[in-house]
Amino acid sequence: MNIKTEIGDIVLQYLNHQGKEKGLVFTEKDILINITPNDFVGDYTLVLFPFIKKLGVKPDELAEGIASELKSRLPSYHHHNLVKGFLNMELSPTFWSNSLQDILSNGSYGIQGTGSNGQSILIEYPSPNTNKPLHLGHLRNIFLGSSLANIMEANGYKVYRTCLYNDRGTNISKSMWAYQHAAKKVTPENSGRKGDHLVGDYYVRFSDLLKAEMKQLIDSGLTEEQAKKQSKLEKEIAELTVQWELKIPEVVELWKMMNGWFYEGVAVTYQRLGLSFDKEYYESEVYNRGRETVEEGLKKNIFYQKEDSSVWIDLTDVGLDQKLVLRSNGTTVYMTQDIALVYQKQKDFSFQRSVYVVGNEQEYHFKVLFEILKRLGLQGSEHLYHLSYGMVELPTGKMKSREGTVVDADDMIDEVIQIAKEKSNEQAKLAEVSDAEKENIYTQIGMGALRYFLLKVDPVKKMVYNPVESIDFNGNTAPFIQYTYARTQSLMRNAEAQKTEILGFEEAIKNYSPNLSESKLTRTLLEFPAIILEAGENYSPALVANYVYQVASEFSTFYHDHKVLKEEDVSARSFRFHLSQKVGKVIHDGLKLLCIETPERM
RNA sequence: GGUCCGGUAGCUCAGCUGGAUAGAGCAACAGAUUUCUAAUCUGUAGGUCAUAGGUUCGAAUCCUAUCCGGAUCACCA
């Protein structure tokens, strides 16, 4: 059991015993135990204020009461001090060495099967459009999704990764139109251009033409709205989309070919990102579905039909609007297919929870979707979650692919690996390493930096990507954390190479008590399981990121102030060695949850 | 206009289920290395936590109003 809950239980029993006469009942929620801030003496702090008032006792009386109770029931309890209403509790050095031993003996420390009850969870990401390559926003999406998947697995969930391709409709029609009207028909084969980029080139070309047309129309005195209606290009795109729906052979052929280019290209990017799915869904296969569900909803009076035979749902009672689910001509809308897809997924994987990793511009859509599913009585509808993340912006403004101010994902990855290479060469620490291994290390560092940069920030915040400042390699960054790990591994290598005498942990602690810096580090390591749990409950990789940084940071300070292998006292040396190895393990496992690799040297 | 989200140091952000003197990193300045890996460490400086009220023993955190920024409110996806 966790020491905090152990203390909490004892305190709770004591308080309830004291409060009996007054008819007071306290629960776990009333008890707040924090890590004692650095400026105060102690390990854990209990806030007494709420109880002082309710019990009508003096702070020091209560503190003494709790303390003596703890002292008699908790062998590892050592001292306490009371500052205002804060009871700072100090645990004995042996507690820390014993805890560390527990951590050491647990190979999968922090990774737990609890909290999930063997449930399964479905995570959908990044669900790109097939008309252009991935950009920086997709990277944020992918990093969030893959990391969340790992975190949920660490919490014992069976995780299914799925992806929905928006492979039809207006967007791909634009790329197709541009290809049809291009003077020179370029293919990935005859140009060497990566397929997804090539499709994107045509998309950009169309956007440029449309922009020019719009400008002309607006210059001639039309409003933007009027211009849109007048636009010849817009009409042709609508027409092309209809042709696709009518399955006109040459349109379908072209569509297949260009989507094929996209998938080929994006597969390369996926591979670099270590991305794979349990199942991929295609909008072209589901866009027409969902009518049965609408029928059913009509029977249950969840939906209603207007005179023009369009079908709606009224959500005004929960602060949402009326929403269309079936057009008057009987065709489906985005919402309808998303409803259908949920039922399909439930057939494919019976899941208890489902997470959609999608940008925050679709918050409204998912609110409506979840509400509809709830009314339709979908099982587990209370466990649908939209992991919403803020837009990635450039300093100049919102990132828009049609304006060409987009940061391409492939370019970004190349660039960050290149930076890693340059920085690494400045350091010149990899002399003994083979060239192939070097390249591998640059990739690990570069990708780590990129992943961490995007994951350490709370997803709800929009973020600005500044190409000039680029990715940090100093401070609160992956390379700093990776470097810390490399140092712990270096210790291991040196100990072996120099045949340093290292005692087993049990042997070492017989003659050694951890000092303040060591117990603090141990205390931080003890938080790891709780952090994983919390990250899972809150769908928040950022919690893990910031925690791992804290571990690395505290270790760096410790490492600077204390000798490890050069320590003469064999017990101290051994203790520190084991501590360092465990720090390395927690960093390794923590970063792994973020899909960040840990080079053995750098 | 309605709804939702954000506003914390010059910059990027933690902290937000209420708890002690609001924390990191970057940038600035001053130090520490013939490294158990200095991609490191230590220190200095930098704050009316957007503003104004309220609740509370206690508010960056909760409530209300206002200001600023963003998203969204299609028979688009």
Side-chain angles (χ1 to χ4, degrees), chain A residues 29 32 34 36-40 45 47-50 52-53 83-86 88 127 129 166 168-172 238 241 283 287 306 308 310-312 319-321 323-335 337-338 359-365 367-368 388 390-391 393 398 420 423-424 426-427 429-430 445 449 453 456-458 460-464 466 469 472-484 486-495 498 500 542-543 545-546 549-550 552-553 556-567 573 576-577 580 601-602:
Chain A
K29 282 182 183 163
L32 187 68
N34 291 323
T36 306
N38 280 335
D39 300 342
F40 299 90
T45 296
V47 184
L48 297 181
F49 292 107
I52 295 170
K53 203 173 175 193
V83 182
K84 295 186 206 166
F86 300 94
N88 299 322
S127 303
N129 294 342
N166 299 301
R168 62 161 285 276
T170 321
N171 286 328
I172 185 69
T241 308
E283 196 193 305
Y287 83 102
K306 285 193 181 171
D308 64 1
S310 59
V311 180
W312 297 72
L320 301 166
D321 302 297
K323 199 75 195 169
L324 177 91
V325 291
L326 210 61
R327 293 195 187 98
S328 49
N329 66 8
T331 54
T332 57
V333 289
Y334 182 40
M335 190 61 73
Q337 43 172 294
D338 249 3
N360 64 7
E361 69 274 8
Q362 293 204 37
E363 254 163 32
Y364 182 75
H365 170 76
K367 254 185 208 163
V368 172
S388 163
M391 192 89 51
E393 292 176 13
K398 185 178 162 178
K423 298 239 175 191
S424 186
E426 279 170 30
Q427 301 290 331
K429 287 182 181 177
L430 296 175
I445 296 172
F453 186 79
K456 73 175 172 189
V457 180
D458 184 333
V460 306
K461 299 211 175 180
K462 67 179 181 194
M463 56 187 304
V464 175
N466 188 329
E469 290 172 13
D472 272 336
F473 280 73
N474 293 313
N476 184 359
T477 65
F480 166 73
I481 300 167
Q482 289 170 320
Y483 176 70
T484 310
R487 299 215 280 188
T488 64
Q489 298 315 100
S490 168
L491 279 177
M492 179 123 81
R493 284 191 300 271
N494 289 341
Q498 295 155 16
T500 313
L543 288 176
N546 289 310
Y549 172 69
Q550 189 195 339
S553 177
S556 292
T557 304
F558 157 80
Y559 188 65
H560 185 266
D561 296 340
H562 298 85
K563 290 174 182 162
V564 180
L565 297 182
K566 286 187 175 173
E567 167 62 44
R573 183 203 309 149
R576 287 176 193 161
F577 177 79
S580 303
R601 59 184 86 213
M602 61 186 276

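Just so it is clear: chains get the letters A, B, ... in the order the sequence lines come, proteins before strands, and each one is counted from 1.
- The pairing partner recorded for A9(B) is none, the criterion being a Watson-Crick or G-U wobble arrangement whose two distances lie under 3.5 angstrom.
- With hydrogens and angles ignored, a donor-acceptor pair under 3.5 angstrom links the side chain of Thr45(A) to the base of A20(B).
- For Val457(A), the side-chain atoms get nearest to A14(B) when compared with the rest of A14(B), C75(B), C36(B).
- Side-chain proximity of Asn546(A) to the nucleotides A14(B), C57(B), U72(B) is greatest for A14(B).
- A close approach under 4.0 Å does occur between a side-chain nitrogen or oxygen of Lys461(A) and OP1 or OP2 of A14(B).
- Applying the Watson-Crick and G-U wobble criteria (two distances, each under 3.5 Å), C16(B) pairs with nothing in any strand.
- Panel note: side chain Lys323(A), backbone Val368(A); no donor-acceptor pair is recorded below 3.5 Å.
- The residue Lys462(A) sits close only to the backbone: its heavy atoms come under 4.0 Å of sugar-phosphate atoms, none of a base.
- Side-chain to base pairing of Asn34(A) with A20(B): no donor and acceptor N or O lie closer than 3.5 Å to each other.
- Pairing partner, G43(B): C29(B), with both Watson-Crick or wobble hydrogen-bond distances short of 3.5 Å.
- Here G18(B) presents its P atom at 20 Å from NZ of Lys84(A), a figure rounded to the nearest Å.
- The shortest distance between the side-chain N/O atoms of Arg327(A) and the OP1/OP2 oxygens of A77(B) is below 4.0 Å.
- Between His365(A) and Tyr334(A), the ring planes are parallel. Angles under 30° get that label, and only those over 60° would be called perpendicular.
- For Ser328(A) against C75(B), a side-chain N or O and a base N or O form a donor-acceptor pair under 3.5 Å.
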